[in-house]
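All residue numbers refer to positions in the sequence shown, counting from 1.
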Amino acid sequence: MSQHVFKRAGFLVAAVGVAGLLGTGAASAHVTANVYGPQPTKGGYAAIVFRVPSEEKDPITTTKVAVDFKADYGIGSVRTKPIPGWTAQVTKSKLPTPITKDNGTQITEAVTAVTWTAQPGSELKATDYQEFSVSFGPLPTNVDQVEFPAHQTYSDGKVVDWNQATPPGGEEPEHPAPVVKLAAKSEGDEHGMAANTATTTGEHTEAAAASDNTARWLGGAGLLVGAIGLGVGAGATIRARKATAKSGGNS
């Protein structure tokens, strides 16, 4: 019975470890935009991660990554997550014609780019990838997905543009633009109903993701501690039985 419990506990602990490794495995072969938390809704706010692999051979490294935000999306607010060794710059541009959002807010100046630049010693090597997290909004309501053309600069001066559109049902191009699909805004959805929720929503999404990660780690740690506890208990039982048998033999 004890051996069966130990084997099962060991299997679960190993499974948790493997899952963690798979979650942080090799990056895709191109720049991608991955949803961080709930699927963004039209008119709402989003938290996503741009995953950027460095593909050139040593000693060439990735030194800068720029992501374009289309002006007609009317993204009024963007927040970036700090990355050690990298600096982020948000670029805003004056709109020729103000964009009125569902909540009545007029966007006269929209975010048009976010650029991350590596400090000396923090460049991405050939086997590296980095994840650049952003939260932003409000999202447009007249499109089903948002595209973010990206530009990857290497230490030799080469710039790779990830800006090709993927046709519906068609084959993915060589340098596809990162894309995030938008869910339809459900009845009573408050996302995007107040301009001041831009930062709050991003923070709540990141907090939820962090809480989920913490819970997983605590669950794995608890399982490991439980397995150790079973081992200690089993050892104590065996010692007690030996002591009893020895005492009975001496009486």
Side-chain angles (χ1 to χ4, degrees), residues 19-20 22-53 65 67-81 83 88 90 99 101-103 105 107 110-114 116 129-150 162-170 172-173 176-217:
L22 290 176
T24 56
S28 301
H30 51 263
V31 177
T32 57
N34 306 286
V35 175
Y36 188 42
Q39 190 69 25
T41 59
K42 296 179 180 181
Y45 291 82
I48 65 174
V49 174
F50 294 105
R51 177 172 290 185
V52 181
V65 175
V67 176
D68 295 338
F69 285 65
K70 296 183 179 181
D72 55 4
Y73 289 160
I75 304 297
S77 173
V78 169
R79 298 188 68 182
T80 61
K81 185 176 182 179
I83 299 175
V90 177
I99 296 176
K101 295 295 183 176
D102 284 1
N103 61 357
T105 301
I107 304 296
V111 175
T112 52
V114 179
W116 290 270
Y129 75 93
Q130 184 58 272
E131 292 183 332
F132 302 90
S133 302
V134 294
S135 60
F136 56 90
L139 294 164
T141 58
N142 58 346
V143 295
D144 295 324
Q145 65 181 25
V146 284
E147 293 183 354
F148 300 97
W162 303 92
N163 58 359
Q164 297 175 333
T166 300
E172 185 178 76
V179 173
V180 172
K181 295 185 180 300
L182 302 181
K185 185 168 64 172
S186 60
E187 196 69 27
D189 186 1
E190 296 300 325
H191 286 247
M193 297 306 292
N196 61 5
T197 60
T199 58
T200 303
T201 302
E203 290 170 355
H204 286 180
T205 304
E206 293 184 10
S211 176
D212 180 65
N213 290 337
T214 301
R216 292 184 182 182
W217 279 109

Which residues share a side-chain hydrogen bond (donor to acceptor under 3.5 Å, both in side chains) with N34, sequence neighbours left out | T32
Going from OG on S133 to CZ on R79, what distance comes out if it is rounded to the nearest 0.5 angstrom?
-> 12.5 Å
Rounded to the nearest 0.5 Å, what separation is found between the NZ atom of K42 and the CG atom of L139?
-> 11.0 Å
d(N142 CG, L182 CG) to nearest 0.5 Å is 10.0 Å
Between A110 and G74, which heavy-atom pair has the shortest distance, and what is it?
-> CB-CA, 4.1 Å
Can you list the residues that meet the salt bridge (Lys or Arg N to Asp or Glu O under 4.0 Å) rule with K181, with sequence neighbours excluded?
-> none
Taking every heavy atom of P173 against every heavy atom of T166, the minimum-distance pair comes out as CD-OG1, 3.3 Å
Which residues pass the ring pair (Phe, Tyr, Trp, His ring centres under 6.0 Å) test with F132, sequence neighbours left out?
-> W86, W116
4.5 Å side-chain heavy-atom contact, P40 and V180 | yes
Shortest non-hydrogen contact from V146 to P140?
-> CG1-CG, 3.9 Å
Hey, would you say the F148 and F136 ring centroids sit under 6.0 Å apart?
-> yes
Look at the rings of W162 and H30 and say which category their plane angle falls in: under 30° parallel, 30 to 60° tilted, over 60° perpendicular.
-> tilted
How far apart are the closest heavy atoms of A71 and T112, and which atoms are they?
-> CB-CG2, 4.2 Å
Considering all heavy atoms, the nearest I75-P138 contact | CD1-O, 3.4 Å
Drop me the distance from Y36's OH to S135's OG, to the nearest 0.5 angstrom.
-> 10.5 Å
Give the C-alpha distance, both sets of side-chain angles, the deciding distance and a yes or no for side chain to side chain contact (heavy atoms under 4.5 Å, CB included) between Y129 and R51.
-> CA-CA 7 Å; Y129 75 93; R51 177 172 290 185; 3.7 Å; yes
Are the side chain of Y73 and the backbone of E147 linked by a donor-acceptor contact shorter than 3.5 Å?
-> yes
What one should report as the nearest heavy-atom pair of I83 and Q130 is CG2-NE2, 3.7 Å
